[in-house]
Amino acid sequence: MVKEKRICLKNLGKINPESIDDYIEAGGYKVLESAVSRHHFEIIDEMLNSSLRGRGGAGFSAGLKEKFTSESCLRCEQKYLICNADEGEPGTFKDRIIMENDPHLLLEGMLIAAYGIGASKAYIYIRGEYYKSIEMVKKAIDSARKRGFIGKNIFGSVFSVDVEIRLGAGSYLCGEELTLLESLEGKRGYPRIKPPFPAEKGLFGFPTLINNVETLATIPTIVGKGSEWYLKLGTAESPGTKIFTISGDVAKPGFFEVELGTTLRELIFDLAGGMKDDKKLKAILLGGAAGTFVDETVLDTPTGFDSLKEKGATLGSGAIMVLGEDKSVLNVTQSILEFFKHESCGKCVPCRVGTDRVARMIKEINNGIYQGESGLDDMIYEAEYMAKTSLCPLGQSLIMPLRSLKRYFNDQF
Amino acid sequence: MDNNLVDVFSLFDGKEEELIPILQKVQNTVGFLSNDSMEEIARFAHVPKSKVYGVATFYAQFRFTPKGEKHIMLCRGTACHVKGAPRIQEEIENHLGIKEGETSKDLKHSMENVACIGACSLAPCIMVNETVEANLTPQKVEKLFLSKGKNK
Ligand SMILES: Cc1cc2nc3c(=O)[nH]c(=O)nc-3n(C[C@H](O)[C@H](O)[C@H](O)COP(=O)(O)O)c2cc1C
Ligand code: SF4
Ligand code: FES
């Protein structure tokens, strides 16, 4: 039976998250202390060697992003680090668990990353409805500042940084990194066009590194224990651990941090206690609304960014929503498509009109009044042109769940 | 100017980039964003009032009418939907006699839909002010909102 392997959650339940002394006693802020005495290139090299892939969903190399940001301009008066804690993907609550249970681990990771790229200001952008997380992170920042871990000349080095909390205002799209920048600048949450990438021109036009909470919370362990140690965990394409959040028709829904490569079967049947009331498994929605549906044929595939992609599936944010035999895949699809329609910002026509059209189509299909020949094919047709012409990843995402339905649940339509 | 606003503004520099935190703080202190508040915010942040409205109306969090004493946020996330959130919403609407987006006449309750609130393993759930009410059933809803319930 598979066991959890906790890195981001290593202190969960073992320390009082409100006590900086508890965290320090558990070895906390030691890695920051040694990091600021090393050359910042060494820190970035360690991150590059660890092959850590971003945990916010896209799985881009964390080390490379740090390298680009640190090198994009050497004489900038300002660089920024941003922690993306806007966690809005339905079914995902891993970042909340980290912030509520070990806010100092996240802070230490942010400070090490800020040192690595040479940022003098860091923001943490937290989902506005996450009251407890906000409170915990606020307290952590205050006590770290009192100890001199945040502020000027940290541990007697030349490194100085300040950390500020900003709260999300109820827009899923603002979790997208470029939109998050607009929001931080006090504007409407309309996406920016890439390029330029944030590593060159980010917040207020300065080089900016944006990482997810889980990515940043992994950094103290990687820099502390070394990339070689870290690389022994997980799989070759996706090393390390990942927090999965399991909801839906399982006996014990919750969060589980395991090595990547763990199969969905192990996650659902060993850790989450199997199906609720011995129902039969019908479908699994991986990665939330911008994710993919799969069936039981994927249960034994090792989890990883590329291994799941081969199956037309996504790892995404690590959300696993389990649907029993009594649930309707079409009904869930309707909920997802309505979500996209609601969250589309309306800036570009393909997505503004497309999300509305597709939501209307699935409603008609579910009500049995759809006129066309194949509702699913028609929706995929719409979503494909949206993927090609939409301005930002939101409008480009609808194709993911729809294509997976074609592959695994065509018979349901 | 309203004293509340004076207090809020004293926490900021009045820069445009602070617009969202200012709006959040004003809403938290006063309960909602009145037209007068919006005018003062515009003056304080040195931007046109239309810009303040532009930003505030974009984000779901901001409200321009008062909230109820008990503000109910209904999760419309996928996990809650699968576990019967629409039924729960119906029950609450029946109990309180208001619909999503409305505030009751006595200002006791208001209700809005929000995206997944990150408590999916406890679905279906709602938030009443800052408390999550989890694993809801029609029976539980009844208990919460009936005459002796804690949220009546
Ligand atoms: C519509 C949309 C919403 C997103 N929401 C989040 C989010 O809530 N949290 C997050 O970390 N990343 C989110 N992302 C991904 C970010 O754009 C970005 O890739 C991520 O923060 C990078 O961090 P990482 O490299 O550590 O994964 C979202 C992307 C899109 C397109
Ligand atoms: S794709 Fe959708 S969310 Fe993105 S900019 Fe266009 S309308 Fe807005
Ligand atoms: S879907 Fe309701 S809390 Fe996540």
Side-chain angles (χ1 to χ4, degrees), chain A residues 87-97 127-133 165-172 174 183-190 203-204 245-250 252-255 272 285 288-289 291 319 321-324 327-328 331-332 334-336 338-339 342-343 345-346, chain B residues 12 14-25 27-28 33 41 45-47 50-63 71 73 75-86 112-127 129-132 134-135:
Chain A
E87 192 159 73
E89 197 61 59
T92 313
F93 50 98
K94 65 195 177 67
D95 299 342
R96 176 174 70 80
I97 302 294
R127 182 81 192 270
E129 291 89 358
Y130 274 12
Y131 299 106
K132 179 98 187 283
S133 301
I165 296 188
R166 284 294 177 89
L167 304 184
S171 153
Y172 165 70
C174 283
S183 174
L184 272 181
E185 291 181 5
K187 302 183 193 146
R188 286 165 75 94
Y190 281 157
L203 190 61
F204 304 117
T245 51
I246 309 186
S247 60
D249 294 321
V250 290
K252 288 189 291 177
F255 56 88
L285 175 59
M321 216 173 286
V322 179
L323 306 179
K327 296 295 186 312
S328 150
N331 186 306
V332 177
Q334 184 171 341
S335 151
I336 290 179
E338 276 167 6
F339 173 75
H342 190 272
E343 298 297 335
C345 79
Chain B
F12 297 93
K15 285 189 277 191
E16 185 178 341
E17 67 195 70
E18 294 173 322
L19 209 45
I20 295 170
I22 294 173
L23 287 164
Q24 286 170 331
K25 198 82 194 169
Q27 173 159 305
N28 266 347
L33 300 167
I41 292 171
H46 306 289
V47 293
S50 58
K51 158 107 199 202
V52 185
Y53 266 102
V55 170
T57 51
F58 181 86
Y59 295 96
Q61 192 187 57
F62 297 116
R63 6 185 345 116
H71 183 62
M73 296 195 265
C75 175
R76 58 177 166 76
T78 322
C80 287
H81 180 90
V82 171
K83 290 265 189 161
E112 67 175 332
N113 274 138
V114 295
C116 165
I117 51 178
C120 329
S121 55
L122 309 170
C125 51
I126 60 171
M127 239 169 160
N129 294 342
E130 299 193 359
T131 313
V132 176
N135 291 320

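- The side chain to side chain contact (heavy atoms under 4.5 Å, CB included) test applied to A:Glu129 returns A:Arg127, B:Met73, B:Val114, not counting sequence neighbours.
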- Task: Verify side chain to side chain contact (heavy atoms under 4.5 Å, CB included) between B:Ser121 and A:Phe255, making sure each step is shown before the conclusion.
- Result: CA-CA 8 Å; B:Ser121 55; A:Phe255 56 88; over 6 Å; no
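- For A:Glu343, the part lying near chain B is the side chain, with the backbone staying farther off; criterion is any non-hydrogen pair under 4.5 Å.
- A pairwise comparison of heavy atoms in A:Ser247 and B:Cys120 identifies CB-O, 3.5 Å as the closest pair.
- Side-chain N or O atoms of A:Arg188 include none that pairs as donor or acceptor with a backbone N or O of B:Val55 at under 3.5 Å.
- Among the candidates B:Lys15, B:Glu16, B:Lys51, B:Arg76, the residue making the largest number of heavy-atom pairs closer than 4.5 Å to chain A is B:Arg76.
- In this structure, the portion of A:Lys327 lying under 4.5 Å from any heavy atom of chain B is its side chain and not its backbone.
- Judged as a ring-ring contact (aromatic ring centres under 6.0 Å, His included), and not counting sequence neighbours, B:Tyr59 has no contacts.
- For A:Leu167, the parts sitting under 4.5 Å from any heavy atom of chain B are the backbone and the side chain alike.
- In this structure a side-chain-to-backbone donor-acceptor pair under 3.5 Å is missing from A:Arg166 to B:Pro21.
- The residue among A:Gly288, A:Gly168, A:Gly346 with the most heavy atom pairs within less than 4.5 Å of chain B is A:Gly168.
- Between B:Ile117 atom CD1 and A:Glu87 atom CD the span is 12.5 Å, to the nearest 0.5 Å.
- With a 4.5 angstrom heavy-atom cutoff, A:Ile246 touches chain B only via backbone atoms.
- At least one side-chain heavy atom of B:Phe58 sits less than 4.5 Å from a side-chain heavy atom of A:Ser171.
- Listed here is the closest heavy atom pair of B:Cys116 and A:Gly91: SG-N, 3.6 Å.
- Taking every heavy atom of both residues into account, A:Ala169 and B:Gln24 meet most closely at CB-NE2, 4.0 Å.
- Neither the backbone nor the side chain of A:Ser328 comes within contact range of chain B; no heavy atom of the residue lies under 4.5 Å from a heavy atom of that chain.
- Contact annotation for A:Tyr131: only side-chain heavy atoms (C-beta onward) come within less than 4.5 Å of a heavy atom of chain B.
- Each of B:Ala79, B:Ala45, B:Pro86, B:Gly77 has some count of heavy-atom pairs under 4.5 Å with chain A, and the biggest count is that of B:Ala79.
- Looking at heavy atoms from C-beta onward, B:Leu19 lies out of side-chain contact with A:Lys187 at the 4.5 angstrom threshold.
- Of all the listed residues (A:Pro253, A:Gly170, A:Gly88, A:Gly189), the one sharing the greatest number of non-hydrogen pairs under 4.5 Å with chain B is A:Gly189.
- Only the side chain of A:Phe204 comes within contact range of chain B, with at least one heavy atom under 4.5 Å from a heavy atom of that chain.
- Contacts between A:Leu285 and chain B at a heavy-atom distance below 4.5 Å involve the side chain alone, from C-beta outward.
- For the residue pair B:His81 / A:Asn331, a side-chain donor-acceptor distance below 3.5 Å is found, with atom types taken as modelled.
- Contacts of B:Ala115 with chain A are made by both backbone and side-chain atoms, with heavy-atom separations under 4.5 Å.
- Atom-to-atom distance recorded for A:Glu89:CD and B:Thr78:OG1 is 8.0 Å, nearest 0.5 angstrom.
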